[in-house]
Amino acid sequence: MNIKLLHVNTEEDITEVARLAAEIWREYYVTLITIEQIDYMIGKFQAVPAITDQIYHQGYEYYLIQHDGSAIGYMSARQDEGKLFLSKFYIGKEHRGRSYASQAMAFLEQLCKDRNLSHIWLTVNRDNESSIAIYEKKGFRTVREQIADIGNGFVMDDFIMEKEME
């Protein structure tokens with residue numbers, strides 16, 4: 001059961017990412033942050049204009065994760081100072097636990113090797129125990145903590161995790 005990763009570069013692809021973001025974020029984050037913060041973050045970071053700006057002006061690469069021709073998730077990364085910043089990595093609820101995340105992570109690791117990047121790093125909500133456990137299983141370690149003010153009275157209270165490439 002292999003996945004396909006589609007590099008996002010059309011309005012149609014961006015619209016699909018935004019649709020997935022709204023669906024996945026509202027399902028997943030409701031136990032970690034308020035629905036008000038979820039809606040704010042979707043609008044600020046994962047709506048069509050925000051994703052378009054990230055791709056065309058901020059150096060982010062988005063990938064739709066597809067299985068059997070359907071988009072089941074997405075991820076976003078940006079090369080930065082010899083490392084790869086994994087900004088977003090989401091898989092729809094009904095597709096979790098089927099090794100799709102492992103396949104997508106293998107793709108990112110190969111991307112790092114091809115580009116001679118030393119690490120993959122990410123931020124993860126410090127209360128997101130299931131994702132933290134998965135990242136640790138994949139070889140990530142917590143290197144520091146970060147509280148970021150994202151506006152509108154909201155903050156992101158995160159661990160920064162990193163994995164060194166061999």
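On a predicted model such as this, the values are computed, not experimentally measured, just so you know.
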(request) Indicate yes or no for a side-chain donor-acceptor contact from N125 to the backbone of D127 under 3.5 Å, with no hydrogens or angles considered. (result) yes
(message) Tell me every residue that passes side-chain hydrogen bond (donor to acceptor under 3.5 Å, both in side chains) with S131, counting only those two or more places apart in sequence or in another chain.
(response) Y28, N128
(request) Could you note down all residue pairs passing side-chain hydrogen bond (donor to acceptor under 3.5 Å, both in side chains) where residues 105-114 supplies at least one of them, sequence neighbours left out? (result) E109-K163, Q110-D114
(message) Working to the nearest 0.5 angstrom, can you tell me the gap between I35 CD1 and Y40 OH?
(response) 15.5 Å
(request) Output the distance between atom CD (Q37) and atom CE (M156), rounded to the nearest 0.5 Å. (result) 8.5 Å
(message) For the backbone of S102 and the side chain of S99, can you confirm whether one donor and one acceptor N or O come within less than 3.5 Å of each other?
(response) no
(message) Out of the candidates Y90, Y63, Y60, only one should pair with Y74 under the ring-ring contact (aromatic ring centres under 6.0 Å, His included) rule; please name it.
(response) Y90
(request) Check A104 against L5 and note the closest heavy-atom contact, atom names and distance. (result) CA-CD1, 4.4 Å
(message) Tell me which pairs pass side-chain hydrogen bond (donor to acceptor under 3.5 Å, both in side chains) where either residue lies in residues 140-155, with sequence neighbours left out.
(response) R126-E145
Side-chain donor/acceptor pairs under 3.5 Å, residues 80-89, sequence neighbours excluded:
{"from": "K83", "atom 1": "NZ", "to": "E162", "atom 2": "OE2", "distance (Å)": "2.9"}

(request) Decide yes or no for E61 and I55: does some side-chain heavy atom of the first lie under 4.5 Å from some side-chain heavy atom of the second? (result) no
(message) Going by salt bridge (Lys or Arg N to Asp or Glu O under 4.0 Å), name the residues that satisfy it together with E27, two or more places apart in sequence or in a different chain.
(response) R96
(message) Do T34 and D39 make a side-chain contact, defined as non-hydrogen atoms from C-beta onward lying under 4.5 Å apart?
(response) no
(message) Donor-acceptor pair, distance only, cut-off 3.5 Å: does the side chain of Q46 make one with the backbone of W25?
(response) no
(request) Any pair with a residue in residues 123-146 that passes ring-ring contact (aromatic ring centres under 6.0 Å, His included), sequence neighbours left out, goes on the list, sorted by first then second residue, please. (result) Y135-F140
(message) Hydrogens and angles aside, do Q54 and Y62 bring a side-chain donor and acceptor to less than 3.5 Å of each other?
(response) yes
(message) One thing to verify: whether E164 and K138 come together as a salt bridge, which I'm taking to mean a side-chain N less than 4.0 angstrom from a carboxylate O.
(response) no
